[in-house]
Amino acid sequence: VIQKRKLVQVILLDALKSLDQHQTLVSLDIRSSALQKSLKVTGDKGLKDIIAYAGWTIQPVLEKFLSYDRFVDQVEAVNELHAMRIAAKKLRYTLECFSDIYPGNLADYLSTMRAIQDQLGMIHDCDVWQTTGDRFIECERRRTVKYFGNDRAMKRILPGILAFFEDRYRQRVETYTAFTRYWHELRQAHLW
């Protein structure tokens, strides 16, 4: 947990430096102020401009997310499903930025995107565990030998480790099945 936190902190600091270097927040503040002034001056026309701007901003992010549709039914498309999760996160954040200007605050869409993100996140977590299984067992074997001088204790802990990996495999199958069913329901409902 500490190692993960340190890694996340490094990534976060890099992101903050990038925001600062590119003056992203300053640019957003200036644009936001300009839009606010425009809305006060132009009334409904200003709101229409903001809604148009929101559409231009959301559309390419939505298209990127939907471009992963062709991989949804490919159970082995591990990397593509993970990329879809990242695209879903970007779409959700983009929708959240503009939600206040739409009736209902895009609540249904945001709820849908959270559900998709959660499902794809669980699928990815299970995929990561599956790819690290052999390496994890070998590391535990080395630790056991280092601590006890032999690997006999592995006989006691190996069934639990294998049960854990079997559980992650089962969870992946269940979540993937639920995700694909949900995805097809959304498509049939013409949500997008």
Side-chain angles (χ1 to χ4, degrees), residues 1-22 24 61-97 109-187 191:
V1 174
I2 293 171
Q3 291 173 333
K4 285 184 181 178
R5 187 177 300 134
K6 285 182 180 178
L7 177 62
V8 170
Q9 286 173 341
V10 168
I11 293 169
L12 179 60
L13 287 174
D14 287 346
L16 290 172
K17 285 178 188 172
S18 177
L19 282 173
D20 190 43
Q21 287 173 345
H22 296 98
T24 305
V61 181
L62 174 63
E63 287 173 6
K64 176 68 173 173
F65 169 67
L66 293 176
S67 74
Y68 292 98
D69 175 67
R70 62 185 176 194
F71 300 107
V72 167
D73 291 317
Q74 297 178 29
V75 70
E76 73 285 351
V78 172
N79 294 331
E80 292 83 358
L81 291 175
H82 179 58
M84 185 180 197
R85 175 180 172 255
I86 293 168
K89 180 170 55 170
K90 288 179 181 175
L91 176 57
R92 188 183 117 215
Y93 291 165
T94 304
L95 292 174
E96 285 175 346
C97 287
Y109 292 98
L110 292 171
S111 174
T112 298
M113 294 313 300
R114 274 188 212 96
I116 289 171
Q117 260 186 276
D118 288 347
Q119 289 175 323
L120 289 171
M122 177 58 75
I123 290 168
H124 178 67
D125 290 350
C126 292
D127 287 338
V128 169
W129 277 113
Q130 292 302 309
T131 62
T132 61
D134 292 338
R135 193 173 52 215
F136 179 82
I137 291 170
E138 186 52 39
C139 284
E140 286 304 306
R141 187 178 311 282
R142 282 196 304 270
R143 285 186 188 132
T144 302
V145 169
K146 185 177 180 180
Y147 187 79
F148 293 107
N150 60 60
D151 70 350
R152 286 192 296 260
M154 283 298 290
K155 289 180 185 176
R156 288 192 312 264
I157 64 171
L158 190 57
I161 294 171
L162 293 175
F164 171 77
F165 284 105
E166 180 61 32
D167 177 71
R168 294 299 80 207
Y169 176 77
R170 180 194 51 75
Q171 182 67 56
R172 204 274 190 196
V173 170
E174 287 176 12
T175 306
Y176 176 76
T177 301
F179 167 68
T180 56
R181 184 176 35 247
Y182 185 55
W183 182 258
H184 291 294
E185 287 171 7
L186 294 173
R187 286 181 60 202
L191 179 72

Once side chain to side chain donor-acceptor pair (under 3.5 Å) is applied, do any residues pair with E63, and if so which ones, sequence neighbours excluded?
Q59
Do you know the tightest heavy-atom contact between E96 and L110?
CG-CD2, 3.5 Å
Nearest heavy atoms of T180 and H184, plus distance in Å:
O-CD2, 2.8 Å
Salt bridge present between R143 and E140 (N-O < 4.0 angstrom)
yes
Kindly compute the distance separating CG (L62) from CE (M113), expressed to the nearest 0.5 Å.
8.0 Å
Going by ring pair (Phe, Tyr, Trp, His ring centres under 6.0 Å), name the residues that satisfy it together with F164, two or more places apart in sequence or in a different chain.
W129
Value rounded to 0.5 Å, distance of OG1 in T132 from CZ in R168
11.5 Å
Euclidean distance, E174 CD relative to T177 OG1, rounded to 0.5 Å
8.0 Å
NZ/NE/NH1/NH2 to OD/OE distance under 4.0 Å, R142 and D151:
no
Pairing of R170 and E166 as salt bridge, 4.0 angstrom limit:
no
Just verifying a value: how many Å separate L66 CG and K64 NZ, rounded to the nearest 0.5 Å?
11.5 Å
Within 45° of the six-membered ring axis of Y169 and under 6.0 Å from that ring's centre, is NZ or CZ of R172 located there?
no
Flag the pair V10 / K6 as yes when at least one side-chain heavy-atom distance between them is below 4.5 Å, and no otherwise.
no
Is a donor from one side chain sitting under 3.5 angstrom from an acceptor on the other, for D73 and W183?
no
Shortest non-hydrogen pair, L81 vs Y176, comes out as CD1-CE1, 3.9 Å
Any chance you could measure L162, atom CG, to D167, atom CG, to the nearest 0.5 Å?
12.5 Å
Who pairs with R114 by side chain to side chain donor-acceptor pair (under 3.5 Å), at least two apart in sequence or on another chain?
none
Less than 4.5 Å apart, side chain to side chain, heavy atoms only: is that true for N150 and V145?
no
What's the verdict on side chain to side chain contact (heavy atoms under 4.5 Å, CB included) for V78 and I123, showing C-alpha distance, side-chain angles and the deciding distance?
CA-CA 9 Å; V78 172; I123 290 168; over 6 Å; no
All heavy atoms of F65 vs all of L91, minimum pair found to be CD2-CD2, 3.7 Å
Could you report the tightest heavy-atom contact between E80 and Y68, atom names first, then the distance?
O-CD2, 3.5 Å
How long is the gap from NE2 on H124 to CZ on R85, to the nearest 0.5 Å?
6.5 Å
Heavy-atom pair of closest approach, residues M84 and V72:
CE-CG2, 3.8 Å
Side chain to side chain, L191 and E185, heavy atoms closer than 4.5 Å
no
